[in-house]
Amino acid sequence: MSSGPLSLPPKKAALELNAIFENATIGILFSHNRRLIQANRLCAEMFGYSLSEFVDQPALILYADQEAYSALGREAGPVLAAGHPFRTETQLKRKDGSLFWCRVSAKAVDPHHPRDGTLWMIEDIAEDRLMIDALERSTRELSAILDTASAGIAVVRNRIFVRCNRRFEEIFDLPTGSLLGQSSRRLFNSEEEFQRTGEQVYSEFAAGRVHRREQLFVRRDGSQTWLRVSGSAFDPGNPHAGSVWLTEDFTATRETEERARQAFDEQQLIFDNAAVGILFARDRMVQRCNRRLAEIFGYQQDELAGRSTRVFYLNEEDYQRNGAAVLSVVMAGGTYIGENRVRHKDGHAFWVRSTGRRVVGQADSIDMTWIFEDVTERHQAEEALLRAHEELEQRVVERTAELASANTQLQEEVFERMQAEQRIWHIAHHDSLTGLPNRTLLHDRLEQALAQALRGRHRVAVMFLDLDRFKNVNDTLGHAIGDELLKHVASRLTSVVRAVDTVSRLGGDEFVIVLHEVSSPDDAVQVAEKILGALGAAASIDGHQLHATPSIGISIFPDDGDEVFGLMKSADTAMYHAKAVGRNNFQFFARAMNEQAEHFFTLENRLRQAIDGGQLLLHYQPLIDWPRRTVCGMEALVRWSDPERGLIEPGEFIPIAEETGLIVPVGEWVLAEALRQNREWQQEGRPLLPISVNLSPRQFRQKDLVETLRRILLETGQPARLLELEITETTLMQDIDETRDKLEEIAAMGVRLAIDDFGTGYSSLSYLKRFPVHKLKVDQGFVRDLTVDPEDAAIVTAIIGLARSLGLDTLAEGVETAEQLDILRGLGCEKFQGYLFSRPLPPTLADGIFSPLPNQRSQA
Ligand SMILES: Nc1nc2c(ncn2[C@@H]2O[C@@H]3COP(=O)(O)O[C@H]4[C@@H](O)[C@H](n5cnc6c(=O)[nH]c(N)nc65)O[C@@H]4COP(=O)(O)O[C@H]3[C@H]2O)c(=O)[nH]1
């Protein structure tokens, strides 16, 4: 500030100016050259100086420090230099060093020469400043409150927003400042709501009350938001003048509450409608329970609250024991789960499954939640199941026992069956009479023996053995004796061979012995001799001394055959040869024998053809009644007129026919032919003569023999009395009872019966007596040697005596000479047959048959 001379106005003006200067309410200061040149008193006092002290001081004293002084200078300098007034509010320093706020306004005295001095107006605004600061602070604080408040705050005047914090705008999703000057209507859902709310609010404000409500407001995007608002008027007397509003968005809270409420409702629903019983108990007192629980125990739902859980127990002991059990679990933090028998209100016991857990709440009490399920049905089912299981177990035990016994039985049956099978096998493979292997087993054994022999390069011997005249034993002494004899033979045979050899019986009196592993035919010779020796001695059976001498045929493997059938056939052939050469001996198979057998076979075949081809014919031999010198009958004798060989005698083919069964058709043909021929002769006027026909053993055994006879008699129209059947003695002695029945039937028809070849067999007198026979034909064997063998004469005498005593005819066969005739006549025989009278003649020589006697008579 400059203290240089001023260009003073006129005096009055100067006085006025001075008066203004001195009385001005603001400090006025003139500075020049950084010094305070002049100031009014107020200005000096403002700074705590007297005017005198103040003037002429460096301007620096007014500033807090050099820096503040320089800063103001830098700020004001250019402004003043530009001739503009400079204004600021700044802090200046009092004499005591304290700073105070001043409003400063400065101007260069001469804008063209700023350095000439500057006029300063200084106003102490310390108090204003304090107030402003307080106001600003308060405003800042309010703003801070508004900015940090979690609630939305707004000031409304005449329902127009004059202020709001950010939160308020955020609640409505509005941009900053967008609400100011806007009507609060935009936040309401409708005009009607806006109006109604306004009325309510203003009436409350007028009553001096704070307005509070919860309401759905509209956000910027149109969505709704639940707000809890509270508002109060600045001046209840003039509510429109302004009011402040606090807004809290409690949509989330409301939703949470809503959810909680819903959850609670749901829980309540569950609680009420649960299929299980739910109970809340405190210190074993029912606090609350659902309907199902009451139902389970038979109570009304409201009956149980406040009652002791003791009501659920059957007795005090259960109550105490269960209580202790539950306590020990839940106090350790566990969940009690149990199934107990409990008491229904009506007193009956039933089963519940209970799950209890402690609710940790009040420390001084035990709060429990319980869930109960009625498991009676399950228990009953389990008990029933248990019972069923026990029953099943029992049944299993019983059944097991049954099965065990059935198993034992089965095993026994299996064992028995095996035994039976073994027995059956044994029966099937053994001869029931002797116990020896039969044909089947023999076959097997022989096959084995051949296989071994082939491997071991040694021989096998097959011995075919037939007992000589065994038939006679059977026929005369009966089957029982015959059987015993066969057993005896079997045991003898077995005793002479090695254990490895096989002795078998084929049937009848046929045995086959297989000698395994023989080194030469000599071995077989030794065995054969042993057999002959063993069977040579008489066997004593049932008081009879019987001889069972064998005829043995032997074949050797591989010499006489390389397989079972061939070897057996060879041995069989050899056996026939042994028989043929005189019995009680053994013969090895020779090729010649085979040829003989083949001849036999061929003969059989040709015989078949002969029957069909009409090659059979009959010759007739007259039977002579010597005392009457007449022909008393004739015997039909079959012949075979073979185109190749000529006439074949029956001795050659009848045995084959007998053996093969061809004798049946042959015999039938003979019968029919003989009767037919006799009828023809009768028709020719020849004398009525009975005709004799031979009946072979096999023919006699034919079941339909009687019917056949009857039929043929009928067919030929011949009376039965003109037929005489010749049956050999041995045939008659087989199956005595059957034979007698048959003979009686035949005799009853009127047919005569003659016993042929009488004396060769073992006829029992007692049987003879019982048979309805008419004639005994003395075998020609006795007649033949009659002249030389006195024994034969004795036999013939005995036969004639026997026949006479039985009232039977006798006829001697084979009478060839007059000498024989004389002797026989001398012995009392009256009827004869033989070449002496006539040979058997063909029917064409009928005269010779019917009239043989004249020639003989002359000889006699
Ligand atoms: N040496 C000798 N022989 C005499 C004499 N007179 C008769 N003959 C023979 O003696 C046999 C008597 O018959 P056979 O004893 O029943 O013995 C018969 C009989 O057993 C059997 N035969 C004959 N024809 C038949 C028949 O049609 N059926 C049956 N089943 N067997 C018959 O054949 C056997 C033999 O018959 P043929 O050869 O016809 O032999 C006959 C006969 O020709 C004689 O003075 N001297």
Side-chain angles (χ1 to χ4, degrees), residues 607 610-611 615-624 626 631 633-641 646-678 691-702 705 708-709 712 723-732 753-761 775-787 810-821 823-824 829 831-843 845 848-849 852 855-856 859:
L607 179 58
I611 299 166
Q615 295 170 14
L616 296 180
L617 50 96
L618 293 182
H619 283 187
Y620 300 91
Q621 190 177 29
L623 310 181
I624 308 299
W626 183 256
V631 175
M634 53 193 151
E635 182 176 3
L637 295 156
V638 72
R639 300 290 181 266
W640 173 8
S641 173
L647 211 59
I648 303 174
E649 295 293 315
E652 198 175 336
F653 67 88
I654 286 292
I656 297 172
E658 177 72 15
E659 198 168 314
T660 56
L662 286 172
I663 194 67
V664 176
V666 169
E668 215 171 291
W669 177 84
V670 169
L671 259 172
E673 176 57 19
L675 294 179
R676 188 203 63 76
Q677 182 61 62
N678 204 14
I691 197 158
S692 301
V693 174
N694 287 283
L695 216 54
S696 83
R698 199 157 189 166
Q699 241 184 310
F700 185 71
R701 300 274 159 239
Q702 282 299 109
L705 173 67
T708 307
L709 286 172
I712 293 172
L723 175 63
E724 185 175 75
L725 295 177
E726 293 189 9
I727 303 163
T728 63
E729 193 187 352
T730 44
T731 306
L732 285 182
L753 291 161
I755 301 181
D756 205 2
D757 304 336
F758 194 79
T760 54
K775 185 193 281 178
L776 300 182
K777 289 183 84 174
V778 180
D779 186 64
Q780 57 179 286
F782 302 114
V783 176
R784 193 181 302 127
D785 298 330
L786 206 54
T787 48
T810 38
L811 181 144
E813 294 178 301
V815 183
E816 292 182 357
T817 65
E819 207 179 350
Q820 288 167 340
L821 176 67
I823 296 170
L824 286 165
C829 190
K831 290 179 178 164
F832 307 101
Q833 179 182 0
Y835 295 167
L836 178 63
F837 306 100
S838 169
R839 285 184 173 263
L841 296 172
L845 300 174
I849 301 165
N855 297 335
Q856 305 309 324
Q859 284 180 21

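We count ligands from 1, going down the list as the structure has it; atoms in each ligand are counted the same way.
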Query - E819 atom CD, over 12 foreign heavy atoms within 6.0 Å - result: no

Query raised in the report: Which residues pass the side-chain hydrogen bond (donor to acceptor under 3.5 Å, both in side chains) test with T731, sequence neighbours left out?
Result: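 So T731 forms a side-chain hydrogen bond (donor to acceptor under 3.5 Å, both in side chains) with T728.
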
Query raised in the report: Can you name the side-chain contact (heavy atoms from CB on, under 4.5 Å) partners of E816, sequence neighbours left out?
Result: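 Checked E816 against side-chain contact (heavy atoms from CB on, under 4.5 Å); matches are Q820, Y835.
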
Side chains of residues 661-676: which donor-acceptor partners sit under 3.5 Å, not counting sequence neighbours?
unit_1	atom_1	unit_2	atom_2	d
E668	OE2	R711	NH2	3.0
E673	OE1	R676	NE	3.0
E673	OE2	R676	NH2	2.9
R676	NH1	E680	OE1	2.6

Report summary line: Those residues with a heavy-atom separation under 4.0 Å from ligand 1 are Q621, E635, L637, V638, R639, E649, P650, V670, N694, S696, E726, D756, D757, Q780, E813, G814, V815, E816, G834, Y835, P840

Report task. Give me the ring orientation class for F837 and W626: parallel if the planes are under 30° apart, tilted from 30 to 60°, perpendicular past 60°. Result ->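 F837 and W626: tilted rings.
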
Requested in this report: State whether E724 and K777 are salt-bridged, where the test is any N-O pair (Lys NZ or Arg NE/NH1/NH2 against Asp/Glu carboxylate O) under 4.0 Å.
Outcome: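 Answer for the salt bridge query: no.
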
